[in-house]
Amino acid sequence: MQAQYDPSTIEAAAQRHWEAAGTFRATEDPSRAKYYCLSMFPYPSGRLHMGHVRNYTIGDVISRFMRMQGRNVLQPMGWDAFGLPAENAAMANRVPPARWTYDNIATMKRQLKSLGFGLDWAREVTTCRPEYYRWNQWLFLRMLEKGIAYRKTGTVNWDPVDQTVLANEQVIDGRGWRTGALVEKREIPMYYLGITAYAEELLGALDGLGGWPERVRTMQANWIGKSEGVTIGFPYELDGERRQLKVFTTRADTLMGATFIAVAAEHPLAARAAAMRPELAAFVEECKRGSIMEADLATMEKKGMATHLCVTHPLTGAAVPVWVGNYVLMGYGEGAVMGVPGHDERDFAFAKQYGLPIRQVIDVDGRPYSSDAWQPWYADHGRCVASGAYDGLDHAQAVRAIAADLEARGLGARQVQWRLRDWGISRQRYWGCPIPLVHCDGCGDVPVPEKDLPVVLPEDLVPDGSGNPLAKLAAWVNCACPKCGRPAKRETDTMDTFVDSSWYFLRYASAANDQAMVDARVGYWLPVDQYIGGIEHAILHLLYSRFWTRVMRDLGLVNLAEPFQNLLTQGMVRNAIYFRKPASGRVVYYSPADVEIETDVRGQLVGAVLKADGEPVESGGIGTMSKSKNNGVDPQSIIDRYGADTARLFIMFAAPPELSLDWSDEAVEGAFRFLKRLWKAVEAHLEAGPAPPLETAALGAADRALRRLAHQTLAKVADDYGRRRTFNTAIAAVMELLNAVTRHEATSGTARAVVHEALEFAVLMLSPVVPHITHALWQELGHARAIVDEPWPAADPAALRQDAVELVVQVNGKLRSKITVAVDADEATVRSAALADATTQRFVGALSVRKVIVVPGKLVNVVAN
RNA sequence: GCCGAAGUGGCGGAAUUGGCAGACGCGCCGGACUCAAAAUCCGGUUCCCUUCGGGGAGUGUGGGUUCGAUUCCCACCUUCGGCACCA
């Protein structure tokens with residue numbers, strides 16, 4: 001056996017074996033229990049980053065562990081290959097997005113292989129290939145037929161200089177990223193998918209997703225945002241016609257306190273009033289500028305302007321002024337809200353600013369109300385006051401009574417409102433799946449017939465930042481109308497890339513089928529048993545996938561509603577941030593690899609200097625690895641230097657998967673050191689010659705203790721991998737076992753036999769995390785079968801047996817002593833043993849014992865005073 | 001702003017159902033080996049006090065429940081993730 005651990009040769013050998021044996025090729029086998037382990041597929045951005053390594057290592061550990069548990073494992077991989085970064089790269093390098101994307105895929109695939117992930121590459125999916133996205137188009141047309149997909153206008157960011165639509169991330173401080181021009185909002189026709197029709201089901205089914213983190217279910221529930229309230233009509237007359245201005249509210253009990261109405265800038269009534277007053281028109285225009293992002297809308301200064309129109313209060317008949325408010329969203333509810341300054345904080349601030357009346361109509365436990373300053377309890381539920389017939393009613397009673405009265409007059413109805421909006425999928429971008437429609441002057445929007453699918457995206461265009469290059473390609477745009485045959489134009493919008501990722505997990509199970517989107521194999525593999533990905537996808541991607549799967553169910557294509565049975569959301573990978581801020585000019589960030597840390601004698605950080613010039617740099621704390629902060633670590637550099645196993649071990653050991661993980665060069669070194677120690681421990685054991693067979697009856701106390709630890713560790717590690725998913729504690733437990741093995745006096749034959757068993761267990765238990773070194777060590781330990789095909793070993797109950805157990809003794813809750821009692825000692829025996837203990841007595845002293853609490857197998861607490 | 005998390009030694013973290021706070025690893029200190037260094041191995045390492053037996057404090061802050069709280073409850077502070085055209 002090699003005395004030195006040499007990762008590069010053993011990793012190449014292990015990978016060759018898996019490749020040659022087709023180890024990870026998954027085949028449907030109804031006689032075996034399947035396990036579908038899915039990691040979120042990457043966007044091919046260039047090279048793998050540490051977030052990918054973390055994601056895929058977690059998936060690979062689970063896959064390999066489940067394989068050892070006897071499951072028929074499917075672990076596929078693919079590429080989320082459409083998207084904006086490819087267009088940005090195209091502009092920067094004048095290379096078509098397709099070339100850039102395919103080159104990146106080749107690089108990243110090589111990297112994934114070098115990390116030793118057990119992936120079934122025969123099922124690889126690439127979303128920018130026509131054989132994949134043709135099914136996006138096909139299903140979109142089915143949705144159009146069913147009315148699930150439909151057309152309406154939507155708001156986009158418009159760059160007036162480049163004459164192009166901007167993504168939110170291309171808008172920086174309200175200006176276009178390339179031109180610096182002030183961004184405008186613009187209404188354009190788009191295609192939407194009716195996810196709101198599924199809102200009730202998507203919300204209700206969350207309860208059944210016990211394998212998902214509670215926080216993700218809560219976030220989804222809040223996102224869907226079911227609120228039960230009342231739609232209220234405020235009557236008014238316009239052009240001699242009686243109309244109603246509708247608002248939605250969950251606080252109909254405060255209707256008597258409504259002193260104004262605020263409408264969105266895009267509301268028809270605002271447009272109508274603006275036509276008569278230039279200053280209002282200017283204000284409406286101002287509101288239409290600026291961000292379409294909710295975070296910006298929520299934090300911007302609340303502004304308004306009177307329309308000088310009034311509507312009638314539906315209960316009192318009083319005139320209520322209508323204002324335009326920049327904080328009212330056209331997309332939510334009716335695009336208008338009733339202003340109740342007395343009991344809503346935002347309305348209160350608005351009323352104060354514009355001198356609108358503030359009225360108390362809810363009493364909370366008789367607390368004194370003053371309209372001078374807002375108090376948080378003003379928004380609490382209470383009883384109606386100054387509300388005429390409704391005085392004295394509580395929240396629920398008042399809502400019911402007011403809704404009934406409004407309904408009787410035809411001025412309102414109880415209604416369920418959703419925060420969730422329909423999913424706009426049109427993108428005015430080139431590098432995406434073409435929306436299969438043709439615009440004909442005579443026939444309107446005509447779907448491309450199924451026989452003409454796919455509508456293939458040309459792959460050789462280079463975008464220049466001004467508009468969509470597809471629109472400039474006459475040969476592609478101009479076509480014949482499928483209905484009347486006359487000249488027509490293709491739709492140049494492409495689909496949101498979330499469409500691609502909403503069903504790729506189904507395609508893996510139906511790989512290479514060119515006749516259908518999905519086939520019967522979905523029935524065997526789905527649902528996904530374990531899905532792993534970043535917490536940043538907790539809402540959108542997961543919600544869209546749940547929706548899309550239901551649509552396919554309703555179209556009779558699949559027989560399931562929930563695609564992901566268990567979900568693990570992994571945390572971010574972070575690293576230190578260092579920078580200098582020159583007196584003039586921009587902040588410069590330095591890679592932590594180029595910075596020398598200075599510590600005091602306790603190891604506490606006192607300063608940092610740049611290696612290049614020895615001058616100090618400032619510390620910016622710790623943040624997510626990113627290009628902008630220059631604090632990323634290229635996984636390739638770790639693989640090249642230490643091997644894939646060290647990279648995998650470090651990343652799994654440094655933190656539990658759900659928490660963010662802080663990079664540490666020293667800890668990587670530590671992981672490498674552990675693997676060297678493991679190698680050396682096996683080598684030293686084998687050097688001493690073959691170990692005799694294990695004779696359990698002949699073991700001494702020390703041998704029995706080591707054997708017990710080895711068998712206990714088997715159960716602990718299986719629980720950590722399989723149930724708790726705390727890979728860090730699993731690895732720590734094997735480290736403890738290895739520490740015990742190396743400390744063990746292994747001179748006798750029986751001792752060597754126990755050590756041999758413990759080493760085999762350690763190697764088997766580590767094999768999901770570090771598959772290459774354990775592949776080699778397993779061979780060295782004398783096994784012909786590859787370790788990847790070995791089952792998880794069974795613990796021997798006899799090895800776990802224990803006669804005596806140590807208990808903690810507390811006096812008044814403080815640890816004071818320890819006693820050893822027989823494992824089956826009854827409570828009275830334990831109690832008297834604790835009280836008889838000399839150290840316990842010293843602390844009890846003259847105090848009288850009030851109570852003795854015995855927790856079997858754990859502790860005794862003596863309460864005395 | 002709204003929604004969701006997380007705060008424990010010098011650092012990453014452990015404590016699984018309310019029961020020994022700090023497992024495991026990093027760093028640091030001391031020692032062995034070496035001409036020397038690296039590598040490796042051994043020992044120590046929460047803080048404060050100590051007559052070296054031990055004693056006291058301690059899990060972001062402030063309160064509460066309990067024989068017992070890192071764990072449960074209330075309020076607050078800080079940091080991080082998402083907010084619909086980044087993926």
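Reckoned from all heavy atoms, side chains included, excluding hydrogens, waters and symmetry mates. Below, chains carry the letters A, B, ... as their sequence lines are ordered, and counting in each starts from 1.
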> Is the count of non-hydrogen atoms from other residues, nucleotides or ligands lying under 6.0 Å from A:K858 atom NZ greater than 12?
Replying inline: no
> Toward the 5' end of RNA chain B, which comes first, A:V855 or A:D662, by nearest nucleotide?
Replying inline: A:D662
>> I'd like the C1' distance from B:rA5 over to B:rG10, given in whole Å.
In response: 26 Å
Collect all protein-nucleotide pairs involving nucleotides 64-74 of chain B in which both atoms are nitrogen or oxygen and the distance is under 3.5 Å.
from	atom 1	to	atom 2	distance (Å)
B:rC67	O2	A:N861	ND2	2.5

>> If you count every heavy atom of other residues, nucleotides or ligands that lies below 6.0 Å from A:E187 atom CD, does the total exceed 12?
In response: yes
> Base, sugar-phosphate, or nothing: which does A:F498 touch, judged by heavy atoms less than 4.0 Å apart?
Replying inline: base
> Taking the six-membered ring where the residue is Trp, are the ring centres of A:Y642 and A:F650 under 6.0 Å apart?
Replying inline: no
> Base, sugar-phosphate, or nothing: which does A:P656 touch, judged by heavy atoms less than 4.0 Å apart?
Replying inline: sugar-phosphate
>> Check this for me: does the side-chain of A:K716 come within 3.5 Å of the base of B:rU16 through a donor and an acceptor?
In response: yes
>> Any base atoms under 4.0 Å from A:H541, or only sugar-phosphate, or nothing? Heavy atoms, all strands.
In response: nothing
> Has the side chain of A:W431 got a donor or acceptor atom that lies under 3.5 Å from a matching backbone atom of A:A81?
Replying inline: yes
> So, A:E683 and A:K680, do they make that salt bridge, N to O below 4.0 Å?
Replying inline: no
>> Could you write out RNA chain B as dot-bracket? Rules: Watson-Crick or G-U wobble, both distances under 3.5 Å, brackets [ ] for crossings, | for pairs with another strand, dot for unpaired.
In response: (((((((..(((......[....)))((((((.......))))))((((....))))..(((((..]....))))))))))))....
>> Within the supplied structure, the quantity of interest is the number of heavy atoms (other residues, nucleotides, ligands) at a distance under 6.0 Å from A:E745 CD; does it exceed 12?
In response: no
> Checking all strands, does A:M293 fall into the base, sugar-phosphate, or nothing category for heavy-atom contacts under 4.0 angstrom?
Replying inline: sugar-phosphate
> Does any donor-acceptor pair link the side chain of A:K818 with the base of B:rC20 at a separation under 3.5 Å?
Replying inline: yes
> Using a cut-off of 4.0 Å on non-hydrogen atoms, how would the nucleic acid contact of A:R677 be classed: base, sugar-phosphate, or nothing?
Replying inline: sugar-phosphate
> Which part of the nucleic acid does A:W423 contact within heavy-atom distance under 4.0 Å: base, sugar-phosphate only, or nothing?
Replying inline: nothing
>> As a test of the definition: with a 90° window around 0 for syn, would you call B:rG9 syn or anti?
In response: syn
>> Can you measure A:D296 atom CG to B:rA84 atom P for me and round it to whole angstrom units?
In response: 9 Å
>> For a quick check of understanding: with a heavy-atom distance under 4.0 Å over all strands, which category does A:V216 fall into, base, sugar-phosphate or nothing?
In response: nothing
> Can we say A:K716 and A:E736 salt-bridge, meaning some charged N sits less than 4.0 Å from an Asp/Glu carboxylate O?
Replying inline: no
> When all nucleic acid strands are considered with a 4.0 Å heavy-atom cut-off, which category describes A:T726: base, sugar-phosphate, or nothing?
Replying inline: nothing
> Base, sugar-phosphate alone, or nothing: which one does A:Q428 contact when heavy atoms must sit under 4.0 Å apart?
Replying inline: base
> Which part of the nucleic acid, if any, lies within contact of A:R743, taking any heavy atom under 4.0 Å across all strands shown: a base, the sugar-phosphate backbone alone, or nothing?
Replying inline: nothing
> Under the rule syn = chi within 90° of 0, otherwise anti, which is B:rG53?
Replying inline: syn
> Roughly how many Å is it from CG in A:L649 to P in B:rC26, rounded to a whole number?
Replying inline: 11 Å
> For A:I539 and B:rA84, what is the distance between atoms CD1 and P respectively, to the nearest whole Å?
Replying inline: 10 Å
>> Under 4.0 Å, counting only non-hydrogen atoms across every strand here, what does A:A538 touch: a base, just sugar-phosphate, or nothing?
In response: nothing
>> Among A:D162, A:T164, A:D159, exactly one meets side-chain hydrogen bond (donor to acceptor under 3.5 Å, both in side chains) together with A:R178. Which residue is that?
In response: A:D162
>> Counting only side-chain heavy atoms from C-beta out, which of B:rG4, B:rA87, B:rG19 sits nearest to A:R215?
In response: B:rG4
>> Nearest heavy atom decides the nucleotide; on that basis, is A:I731 or A:D422 closer to the 5' end of RNA chain B?
In response: A:I731
Exercise answer: donor-acceptor pairs, residues 657-665 of chain A side-chain atoms, under 3.5 Å, sequence neighbours excluded:
from	atom 1	to	atom 2	distance (Å)
A:E658	OE1	A:T569	OG1	3.0
A:D662	OD1	A:R574	NE	2.9
A:D662	OD1	A:R574	NH2	3.1
A:D662	OD2	A:R574	NH2	3.4
A:W663	NE1	A:D665	OD1	3.0
A:S664	OG	A:E666	N	3.4
A:S664	OG	A:A667	N	3.0

>> Tell me whether the side-chain N or O atoms of A:R673 pair up with the base of B:rU40 as donor and acceptor below 3.5 Å, since no angle test is needed here.
In response: no
> In Å, rounded to the nearest 0.5 Å, how long is the span from OH of A:Y544 to CD1 of A:I539?
Replying inline: 10.0 Å
